[in-house]
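What follows is a set of notes on a single structure, which appears directly below.
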Amino acid sequence: QVQLVESGGGLVQAGGRLTLTCDASGSIYRLIAMGWYRQAPGNQRELVAVTTSGGSTNYADSVKGRFTISRGDAQNTVYLQMNSLKPEDTGVYLCNARGYTNMVLQFDSWGQGTQVTVSS
């Protein structure tokens, strides 16, 4: 199985910054993409940012210019740098990883999530 562990969440004032880290481990033959999603109670889970193994990135319009997703030098690690945080950024941030456990078996794994709370 592929396990994802997020860290770095917390409470921050509006305008502040946080950096989230996601570490993937387990039976990973090929990692295709890793991304960050967020969800507030009663809301749909939404894509925040995603990066592929080829280095391309995609961001939600609401975070463009403020958030940066990047891959670490460490194996199967992704970061989300969040700057100029707004109260509407509040939510549980979940890491997602997609890929293959071997030549033919795909995986799509989620972490437990880390809470980000931005106060006004």
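Values below: all heavy atoms of this structure, side chains included; hydrogens, waters and symmetry mates excluded.
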Is there side-chain contact between [X] and [Y], with heavy atoms separated by less than 4.5 Å?
| X | Y | value |
| --- | --- | --- |
| Thr101 | Phe107 | yes |
| Ile69 | Tyr79 | no |
| Thr21 | Glu6 | no |
| Tyr59 | Val48 | no |
| Leu80 | Thr19 | no |
| Leu94 | Trp36 | no |
| Leu31 | Ser53 | no |

| said: Counting only heavy atoms from other residues, nucleotides and ligands, does the tally under 6.0 Å from CD of Glu46 exceed 12? | reply: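 Check passes, neighbour count above 12.
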| query | Counting only heavy atoms not in Glu88, do more than 12 fall under 6.0 Å of its CD? | reply | yes
Pairing donors with acceptors under 3.5 angstrom, does anything connect the side chains of [X] and [Y]?
| X | Y | answer |
| --- | --- | --- |
| Arg30 | Tyr100 | no |
| Asn96 | Asp108 | yes |
| Arg98 | Thr52 | no |

With rounding to the nearest 0.5 Å, note down the distance linking [atom1] in [X] to [atom2] in [Y].
| X | Y | atom1 | atom2 | value |
| --- | --- | --- | --- | --- |
| Leu4 | Ser25 | CG | OG | 7.5 Å |
| Leu47 | Arg45 | CG | CZ | 11.5 Å |
| Leu18 | Met82 | CG | CE | 4.5 Å |
| Met34 | Ser70 | CE | OG | 11.0 Å |
| Cys95 | Gln112 | SG | CD | 12.0 Å |

Name each donor-acceptor pair under 3.5 Å that joins a side chain in residues 113-120 to protein atoms two or more places apart or in another chain, with its distance.
unit_1 : atom_1 : unit_2 : atom_2 : d
Thr114 : OG1    : Gly9   : N      : 3.2
Gln115 : NE2    : Thr117 : OG1    : 3.2

| Are Val104 and Ile28 connected, step by step, through hydrophobic side chains (Ile, Leu, Val, Met, Phe, Trp, Tyr) whose heavy atoms are closer than 4.5 Å? |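 Each belongs to a different hydrophobic cluster.
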| said: Assigning hydrophobic clusters by single linkage (Ile, Leu, Val, Met, Phe, Trp, Tyr; side-chain heavy-atom cutoff under 4.5 Å), is Phe67 placed with Val12? | reply: yes
| said: Go through it in stages, so that I can follow the logic: the residues are Tyr29 and Met103, the test is side chain to side chain contact (heavy atoms under 4.5 Å, CB included), and I'd like the CA-CA distance, side-chain angles, deciding distance and then a yes or no. | reply: CA-CA 7 Å; Tyr29 173 74; Met103 289 288 291; 2.8 Å; yes
| Considering the options Val63, Thr90, Val92, which one meets the side chain to side chain contact (heavy atoms under 4.5 Å, CB included) requirement together with Arg38? | Val63
Atom of [X], atom of [Y] and distance for their closest heavy-atom approach:
| X | Y | value |
| --- | --- | --- |
| Ala33 | Val50 | CB-CG2, 4.2 Å |
| Leu20 | Tyr93 | CD1-CB, 3.6 Å |
| Gln39 | Asn43 | NE2-O, 3.2 Å |

| message | Does this structure show an ion pair linking Lys86 with Asp89, if we count only N-O contacts that are shorter than 4.0 Å? | response |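 Judged by the 4.0 Å cut-off on N to carboxylate O distance, Lys86 and Asp89 do not form a salt bridge.
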| field | Trp110 ring center within less than 6.0 Å of Tyr37 ring center | value |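 Yes, close enough.
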| Donor-acceptor pair, side chain of Thr57 and main chain of Thr51, under 3.5 angstrom |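 Such a contact is absent between Thr57 side chain and Thr51 backbone.
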| request: Give the intermediate values and the outcome of side chain to side chain contact (heavy atoms under 4.5 Å, CB included) for residues Gln3 and Ser27. | output: CA-CA 9 Å; Gln3 182 181 33; Ser27 300; over 6 Å; no
